[in-house]
S.K.: 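Dumping the structure here so I can ask a few things about it.
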Amino acid sequence: MMNLTLEALQILDTIDRKGSFAAAAVELNRVPSALTYSVRKLEDDLDLLLFDRRGHRAKLTTAGLELLTEGRHLLLAAQELERRVKRAATGWEVELRIVLDSIIPFDSLLPIIQAFDRDNAGTRLRISHEALSGVWEALLADRADLAIGAPHNGPDSIRMSGGFQTRQLGTIDWAFAVAPGHPLEHAPEPLTANLIQQYRAVAVGDTGRTLPSMTSGLLSGQDILTVPSIPAKLQAQLSGLGCGHLPRWLAAPHFASGALIEKQTIEAKPSDKTQIAWRTPVVGKSLKWFIARLSDPATQRALLGSPAVASATMPTTAHHESTSNV
């Protein structure tokens, strides 16, 4: 019995597109009788008619149309597999997995992706978002090849393994913000830690599951509203549901409009250093391309939401008070 082969599907596809066995034979560089034999053999094996031959144009039967419709998916998959194998042979990865920390606005990555598409041989990009220890976890668990915006210095398992390399991406300047009407609005400055502790903070949850949770800007015993993203944190603070630090560039337009009020604190939140991290040794050209691109100062500023390049209305994410998910 003849197996349904990719060659047979290709013959059916070409006949359907060209409208006749003769025209299909020309495109496939075959004699018409060879195509006729292949189709008749397939029809015999399947015990059904694939083409209605009564007219001048080769027309698929209902069964033939169903076979070709599904078969075209197989043809496309085979073509993609061939392209992926060829890409791998040139040194470009089939897929590059990038994890972004919540500090990185995804929109700021779009120009980099566009530049990458122009320069490389078609590597697939798989991009995910994590927060705090979840970023390092993605690298350790081999769910990501490159981390962008990784916080702090990373866990001991990263620093001591020798299998990873990091490079500084930049720093974030913070501003403590409350909404008009919040109890801290008219509190004398600088605010003390004891005073701030009495009011709820808004924090984005650490997405790590196995590594120790990282926290930033939270006070012991403080009530916390844990939210899933920095846009949610910003909206919660704009709504007066809590207080906390926001990246200054992100909060600035809201300070200007009066939607948020900056308050000075005795214990200022230190600027956070963020970095990129990857597994070594670097073999693939795609990863090398991204590492080189991320060394450019203009690219670094764009990724961290520099006011010079980021729109005040652009949805974004950034580091902030953070806690483990509950």
S.K.: Just do the side-chain contact (heavy atoms from CB on, under 4.5 Å) check on Thr123 and Val94 with the steps written out, would you?
M.R.: CA-CA 5 Å; Thr123 298; Val94 172; over 6 Å; no
S.K.: Might you point out which heavy atoms bring Pro151 and Gln275 nearest each other, and give the distance in Å?
M.R.: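 Closest heavy-atom pair between Pro151 and Gln275: O-NE2, 4.4 Å.
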S.K.: Regarding Glu185 and Lys263, does a basic nitrogen lie under 4.0 Å from an acidic carboxylate oxygen?
M.R.: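 No, this pair does not count.
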S.K.: When you compare the side chains of Ser295 and Arg167, does any donor N or O come within less than 3.5 Å of an acceptor on the partner?
M.R.: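 Indeed, the side chains of Ser295 and Arg167 share at least one donor-acceptor pair under 3.5 Å.
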S.K.: Is the shortest heavy-atom distance from the side chain of Leu195 to the side chain of Leu184 under 4.5 Å?
M.R.: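 The answer is yes; the side chains approach within 4.5 Å.
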S.K.: Given 3.5 Å as the limit, does a donor-acceptor pair link the side chain of Ser239 with the main chain of Leu241, or not?
M.R.: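 No, Ser239 side chain to Leu241 backbone: no donor-acceptor pair under 3.5 Å.
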S.K.: Are any side-chain N or O atoms of Thr61 and backbone N or O atoms of Leu49, one a donor and one an acceptor, separated by less than 3.5 Å?
M.R.: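 Yes, because the side chain of Thr61 sits within donor-acceptor range (under 3.5 Å) of the backbone of Leu49.
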S.K.: Taking the side chain as everything from C-beta on, heavy atoms only, tell me whether Leu42 gets closer than 4.5 Å to Leu4.
M.R.: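 Yes, at least one pair of side-chain atoms sits under 4.5 Å.
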S.K.: Over all heavy atoms of both residues, which pair between Trp174 and Arg248 is shortest? Give the atoms and the distance, please.
M.R.: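 Answer, listing the atom of Trp174 first, then Arg248: O-NH2, 3.4 Å.
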S.K.: Can you tell me if Arg97 uses its side chain to pair, donor with acceptor, with the backbone of Asp142 under 3.5 Å?
M.R.: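 Answer holds: yes.
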S.K.: Does any N or O in the side chain of Glu262 come within less than 3.5 Å of the main-chain N or O of Phe176, such that one atom is a donor and the other an acceptor?
M.R.: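 It does not hold such a pair.
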S.K.: Taking ring-ring contact (aromatic ring centres under 6.0 Å, His included) as the cut-off, I'd like each qualifying pair that reaches into residues 9-43, sequence neighbours left out, listed once.
M.R.: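 Counting only pairs at least two positions apart or across chains, the ring-ring contact (aromatic ring centres under 6.0 Å, His included) contacts touching residues 9-43 are Phe21-Phe51.
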S.K.: Measure the shortest side-chain to side-chain distance between Thr226 and Val202 over non-hydrogen atoms and say whether it is less than 4.5 angstrom.
M.R.: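 They are not in contact (no side-chain heavy atoms under 4.5 Å apart), so the answer is no.
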S.K.: For Leu139, is there any backbone N or O sitting under 3.5 Å from a side-chain donor or acceptor partner on Arg279?
M.R.: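 Yes: the side chain of Arg279 pairs with the backbone of Leu139.
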S.K.: Using 30° and 60° as the class limits, which term best fits the ring planes of Phe290 and Phe116: parallel, tilted or perpendicular?
M.R.: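 Plane angle between 30° and 60°, so tilted.
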S.K.: Would you mind listing the cluster partners of Val26? Hydrophobic ones only (ILVMFWY), side-chain contacts under 4.5 Å, chaining allowed.
M.R.: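 Traced through the cluster, Val26 reaches no other member.
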S.K.: Rounded to the nearest 0.5 Å, what separation is found between the CD1 atom of Ile224 and the CZ atom of Arg200?
M.R.: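 Here the interatomic distance stands at 11.0 Å.
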S.K.: If the threshold is 4.0 Å, N to carboxylate O, is there a salt bridge linking Lys18 and Asp13?
M.R.: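 Result for this pair is no, no salt bridge flagged.
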S.K.: Using atom types as modelled and distance alone, determine if a side-chain donor or acceptor of Gln165 lies under 3.5 Å from a backbone N or O of Ala277.
M.R.: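 No, Gln165 side chain to Ala277 backbone: no donor-acceptor pair under 3.5 Å.
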S.K.: According to a 4.5 Å side-chain heavy-atom criterion applied to Ile, Leu, Val, Met, Phe, Trp and Tyr, with indirect links allowed, do Ile291 and Val99 form part of one hydrophobic cluster?
M.R.: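 No; Val99 is not reachable from Ile291 via cluster members.
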S.K.: With side chains defined as the heavy atoms from C-beta onward, is the minimum distance between Leu238 and Gln235 less than 4.5 Å?
M.R.: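 A side-chain contact under 4.5 Å exists here.
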S.K.: Taking atom CG of Leu250 and atom NZ of Lys233, what is their separation to the nearest 0.5 Å?
M.R.: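 Going from CG on Leu250 over to NZ on Lys233, the span is 10.0 Å.
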S.K.: Would you check if there is a donor-acceptor pair between the side chains of Glu93 and Ser286 at a distance under 3.5 Å?
M.R.: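 Checked: Ser286/Glu93 side chains pair up, N/O donor to acceptor below 3.5 Å.
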S.K.: Heavy-atom distance under 4.5 Å between the side chains of Phe164 and Leu140, does that happen here?
M.R.: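 Answer yes - side chains close enough.
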S.K.: Can you list the steps and then say if Lys59 with Asp16 is a salt bridge (charged side-chain N to carboxylate O under 4.0 Å, His left out)?
M.R.: CA-CA 7 Å; Lys59 184 179 179 181; Asp16 179 62; over 6 Å; no
S.K.: Under a 3.5 Å cutoff, is there a donor and acceptor pairing between the side chains of Ser133 and Asp206?
M.R.: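 Distance-only check passes for Ser133 and Asp206.
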S.K.: Looking only at heavy atoms, what is the nearest atom pair of Pro105 and Leu303, with distance?
M.R.: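 The answer is CD-O, 2.9 Å.
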S.K.: So, does Gln222 use its side chain to make a donor-acceptor pair with the main chain of Ile196 at under 3.5 Å?
M.R.: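 Here the side-chain-to-backbone pair exists.
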S.K.: To the closest 0.5 Å, what do you measure between CD1 (Ile11) and CG (Leu35)?
M.R.: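 Ile11 atom CD1 to Leu35 atom CG measures 4.5 Å (nearest 0.5 Å).
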S.K.: Establish, from distance only, whether the side-chain atoms of Glu130 and Thr207 form a donor-acceptor pair under 3.5 Å.
M.R.: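 A pair is found: one side chain offers a donor N or O, the other an acceptor, under 3.5 Å apart.
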S.K.: Can you tell if the side chain of Asp145 reaches within under 4.5 Å of the side chain of Ile98, non-hydrogen atoms only?
M.R.: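 SC-SC contact between Asp145 and Ile98 ruled out.
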S.K.: Just do the side-chain contact (heavy atoms from CB on, under 4.5 Å) check on His129 and Ser229 with the steps written out, would you?
M.R.: CA-CA 10 Å; His129 251 131; Ser229 66; over 6 Å; no
S.K.: Compute whether any side-chain donor of one residue and acceptor of the other, for Asp119 and Trp289, lie under 3.5 angstrom apart.
M.R.: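 Present: a donor and an acceptor within the cut-off.
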S.K.: How far does NE2 of His182 sit from CD1 of Ile261, to the nearest 0.5 angstrom?
M.R.: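 CD1 of Ile261 is found 10.5 Å from NE2 of His182.
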S.K.: Please test Leu260 against Leu246 for side-chain contact (heavy atoms from CB on, under 4.5 Å), starting from the C-alpha separation and ending with a verdict.
M.R.: CA-CA 11 Å; Leu260 287 175; Leu246 291 166; 3.8 Å; yes
S.K.: If you look at every heavy atom in Leu74 and Leu6, which pair is closest and at what distance?
M.R.: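 It is O-CD2, 4.2 Å.
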S.K.: For Ser108, which of Leu110, Ile104, Ile112 qualifies under side chain to side chain contact (heavy atoms under 4.5 Å, CB included)?
M.R.: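 In the set Leu110, Ile104, Ile112, the residue that makes a side chain to side chain contact (heavy atoms under 4.5 Å, CB included) with Ser108 is Ile104.
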S.K.: If you measure from NZ on Lys273 to CD1 on Ile172, what distance do you get to the nearest 0.5 Å?
M.R.: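 Nearest 0.5 Å value for the NZ-CD1 distance: 13.5 Å.
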S.K.: Hey, is the main chain of Gly244 close enough, under 3.5 Å, to the side chain of Gln237 for a donor-acceptor pair?
M.R.: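 It does hold such a pair.
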S.K.: Tell me, do Glu189 and Ile266 make a side-chain contact under 4.5 Å, heavy atoms counted?
M.R.: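 Result no, sub-4.5 Å side-chain heavy-atom pair not found.
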S.K.: Knowing that exactly one of Thr274, Leu109, Val135 qualifies, which makes a side chain to side chain contact (heavy atoms under 4.5 Å, CB included) with Ile148?
M.R.: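 Exactly one option meets the side chain to side chain contact (heavy atoms under 4.5 Å, CB included) with Ile148, and it is Leu109.
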S.K.: Search all heavy atoms of Val204 against all heavy atoms of Ile230 and return the closest pair with its distance.
M.R.: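 Here Val204 and Ile230 meet closest at CG2-N, 3.8 Å.
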S.K.: Hey, does the side chain of Trp278 reach the backbone of Lys288 with a donor-acceptor pair shorter than 3.5 angstrom?
M.R.: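 Between the backbone of Lys288 and the side chain of Trp278 there is no qualifying donor-acceptor contact (under 3.5 Å).
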S.K.: I'd like to know if the side chain of Gln300 reaches the main chain of Leu294, judged simply by a donor and an acceptor atom lying under 3.5 Å from each other, with no hydrogens or angles considered.
M.R.: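 Yes; at least one donor-acceptor contact below 3.5 Å.
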S.K.: Would you give the length of the straight line joining atom CG of Leu125 to atom CG of Leu96, rounded to the nearest 0.5 angstrom?
M.R.: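 Going from the CG atom of Leu125 to the CG atom of Leu96 covers 6.0 Å.
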S.K.: Which atom names give the shortest non-hydrogen contact between Ala150 and Asp101, and what distance separates them?
M.R.: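 Here Ala150 and Asp101 meet closest at N-CB, 4.4 Å.
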